[in-house]
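To start, the structure under review is shown below, and the notes come after it.
Whatever order the structure lists ligands and atoms in, that order sets their numbers, starting from 1.
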Amino acid sequence: MADEICPCGGARGFEACCGRFLADGGEAGTPEELMRSRYSAFVRGELGYLLSTHHPSTRSPQLVSGLEETLRTARWIGLRVVAWGMEKGREDRGWVEFVAFQAGPGFDQIHERSRFFRADGKWQYVDGTHLPDVTLDRNGPCVCGSGRKWKKCHGGWPGA
Ligand SMILES: [Zn+2]
Ligand SMILES: [Zn+2]
């Protein structure tokens, strides 16, 4: 298991990447690390981690049922972090722009700019703004990491 690839697509294996936070209870040092670990938690069905990394102001019964529904239905196939940064002059507020890809039943993507706040040293997800779908290069590599061309892999799926 030591060399298991991290679901977030990071260059390191799971244990050295998001596993530090998911399995070992470590705390993400940047908004990007937290965002990646939350994506990995979605892939691995770790509801407890998703809830504990939501900002307290956003926790509600609807949040729990919404997350449960997403964990039941979505099949995540890849993540791209487009950019991330800190709000000007703030050490405790950051943002991450990313695209998360899913397949099942059809192909879909979520392009979002998320906001993260840090309280008591812990980064937490606050909310996100949806952005227009990104266009994928038909001859580029598929977002799922199969090594095949997009058009020959998930690019042929309904919704793609
Ligand atoms: Zn990772
Ligand atoms: Zn693919």
Side-chain angles (χ1 to χ4, degrees), residues 1-55 58 67-68 70-86 93-118 121-128 130-160:
M1 292 289 278
D3 294 317
E4 185 191 350
I5 293 168
C6 191
C8 82
R12 291 168 295 184
F14 174 67
E15 284 179 22
C17 191
C18 298
R20 289 177 293 160
F21 315 124
L22 290 179
D24 299 335
E27 286 175 7
T30 65
E32 188 211 7
E33 285 182 349
L34 182 72
M35 192 274 134
R36 286 183 174 277
S37 71
R38 283 177 49 83
Y39 173 83
S40 293
F42 272 109
V43 173
R44 296 168 66 96
E46 301 206 15
L47 179 63
Y49 185 81
L50 292 169
L51 287 173
S52 73
T53 55
H54 249 274
H55 194 265
T58 63
L67 286 172
E68 283 173 343
T70 304
L71 291 176
R72 252 197 316 278
T73 54
R75 289 172 44 86
W76 303 96
I77 57 169
L79 173 70
R80 267 185 206 169
V81 174
V82 179
W84 72 275
M86 305 291 289
R93 299 197 171 197
W95 57 271
V96 181
E97 181 188 341
F98 66 90
V99 195
F101 302 98
Q102 55 172 284
F107 175 82
D108 200 5
Q109 61 165 280
I110 295 171
H111 183 193
E112 185 179 303
R113 190 184 198 273
S114 299
R115 292 196 304 156
F116 298 87
F117 291 179
R118 185 163 59 181
K122 256 175 86 94
W123 282 106
Q124 294 177 313
Y125 173 81
V126 179
D127 57 18
H130 275 262
L131 301 170
D133 281 2
V134 295
T135 306
L136 295 159
D137 177 0
R138 293 191 54 73
N139 289 306
C142 186
V143 297
C144 74
S146 64
R148 297 163 68 197
K149 285 183 181 177
W150 164 242
K151 66 181 181 187
K152 301 250 180 197
C153 192
H154 286 94
W157 279 48

I want to verify a count. Protein N, O or S atoms less than 2.8 Å away from the Zn ion (ligand 1), how many are there?
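Every protein N, O or S atom under 2.8 Å from the Zn ion (ligand 1) counted, the figure is 4.
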salt_bridge(Arg36, Glu32) N-O dist < 4.0 Å:
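Yes, charged N to carboxylate O under 4.0 Å.
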Mind checking what makes side chain to side chain donor-acceptor pair (under 3.5 Å) contact with Thr58, not counting sequence neighbours?
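Partners of Thr58 by the side chain to side chain donor-acceptor pair (under 3.5 Å) criterion, ordered by chain and then number, come out as His54.
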Non-neighbouring partners of Arg115 that pass side chain to side chain donor-acceptor pair (under 3.5 Å), sequence neighbours left out:
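In terms of side chain to side chain donor-acceptor pair (under 3.5 Å), with neighbours along the sequence ignored, Arg115 is linked to Asp127.
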Flag, side chain of Gln109 to backbone of Val134, donor-acceptor distance under 3.5 Å
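It does hold such a pair.
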Check: His55 side chain, Gln124 main-chain N or O, donor-acceptor pair, under 3.5 Å:
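Checked: no pair found.
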So do Phe107 and Val143 actually touch side chain to side chain, heavy atoms under 4.5 Å?
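The answer is yes; the side chains approach within 4.5 Å.
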Does the side chain of Phe98 come within less than 4.5 Å of Met35's, by heavy atoms?
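Touching, per the 4.5 Å side-chain cut-off.
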Using a cut-off of 2.8 Å, find all protein N, O or S atoms closer to the Zn ion (ligand 2) than that distance.
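Counting only protein N, O or S atoms under 2.8 Å from the Zn ion (ligand 2), the list reads Cys142 SG, Cys144 SG, Cys153 SG, His154 ND1.
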Test applied, side chain to side chain contact (heavy atoms under 4.5 Å, CB included); reference residue, Phe116; option that passes from Val126, Thr30, Leu34
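So the option named by the test is Leu34.
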Validate the cation-pi geometry between Arg44 and Phe14: distance from NZ or CZ to the six-membered ring centre under 6.0 Å, angle to the ring axis within 45°.
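Yes, a cation-pi geometry holds between Arg44 and Phe14.
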